[in-house]
Protein chains: 2
Amino acid sequence: MDVSFAVSRPRPGLTSGKYPADCPTRTVLTHITSRWGVLVLLALEQGGHRWGELHREIEGISEKMLASTLRTFEADGLVHREAQATIPPRVDYELTPLGREAAERLLPLMDWIADNAEAIVAR
Amino acid sequence: MDVSFAVSRPRPGLTSGKYPADCPTRTVLTHITSRWGVLVLLALEQGGHRWGELHREIEGISEKMLASTLRTFEADGLVHREAQATIPPRVDYELTPLGREAAERLLPLMDWIADNAEAIVAR
DNA sequence: CAGAATCCTGTGAGATACTG
DNA sequence: CAGTATCTCACAGGATTCTG
């Protein structure tokens, strides 16, 4: 695959104190915090759901990475893909309930970043 | 530098609708979602503040990456570093108020990931 | 329009060794 | 103990081309 990569042997994940290396948590964290993961999730939560819309809204993403990131999330069950066999084709993506849960937890973070980025980068 | 890298010309960042490429938001997002960024921030928010503690808690992180990630956050003003010129040396890291704000917004996400990672990776 | 397939590269990251 | 200094490289990510 591309963005996603396997983790050796799954073990339960903890939030408190320790951050084990060999843990599913790391895998999921890696997917979500992959270069375009956060942006894709948020774009889906907020606006356009069509391929072209996503590609336009997430400035700078290549077609390859958009496809790759979407497929990773699809495999993870965070995104649902709905293709129509028309010509020209139309494909819609939407967050699954699980994906929406994740995106919701990303919003406060992005809002905060948007508010403070200028000041942080400026220094 | 190492983890951090410059962005060309700063412009204001938006959360709604569009995600401009050339924007401080991207830089900060990249720092925080860098491979070890989230883990370092959370470890600092929850537990040990000494170098050795961090190195032990964040399993798998190399010394280089721990140093690099900490220095990036220090430059961003998210982490404060306090070294004591004793022998052996003792260095403490702590979140700045800004850093604590960021970490707080990471907690719900990590809790969610910890709860759902197994199910996601299993599929 | 929405990708898949190829080829290619920068750099984020690891391993190892050394030091104040 | 808490780092720095090098060397090295896999692989995430980009550019380009092609297609149903």
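The chains referred to below are lettered A, B, ... by the order of the sequence lines, with proteins before strands, and numbering in each begins at 1.
Residues satisfying the side-chain hydrogen bond (donor to acceptor under 3.5 Å, both in side chains) criterion with A/Trp112, sequence neighbours excluded, are A/Asn116, B/Glu101. For B/His49, there are no side-chain hydrogen bond (donor to acceptor under 3.5 Å, both in side chains) partners at least two apart in sequence or on another chain.
In this entry the distance linking CD1 of B/Ile58 with C1' of C/dG14 reads 16 Å, nearest Å. In this structure, the CD atom of B/Glu57 is 13 Å from the P atom of D/dA2, given to the nearest Å. Rounded to a whole Å, the CG atom of B/Leu66 is 18 Å from the P atom of C/dT16. Rounded to a whole Å, the NE2 atom of B/His55 is 11 Å from the C1' atom of C/dG14. Remark: P of D/dA2 and NE2 of B/His49 are 14 Å apart, rounded to the nearest angstrom. A straight line from NE2 of B/His31 to C1' of C/dT11 spans 14 Å, rounded to a whole angstrom. The nearest whole Å value for the distance from the CG atom in B/Asp92 to the C1' atom in D/dG3 is 15 Å.
Put simply, A/Arg50 has a side-chain N or O that comes within less than 4.0 Å of OP1 or OP2 on C/dA2. Phosphate contact (OP1/OP2 of D/dA2, side-chain N/O of B/Arg71, threshold under 4.0 Å): absent.
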Nucleotide by nucleotide, 5' to 3', does protein get under 4.0 Å of the base (B), only the sugar-phosphate (S), or neither (-) in nucleotides 14-20 of chain D, counting heavy atoms? BB----B
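Distance alone, capped at 3.5 Å, places no donor-acceptor pair between the B/Glu59 side chain and the A/Pro20 backbone.
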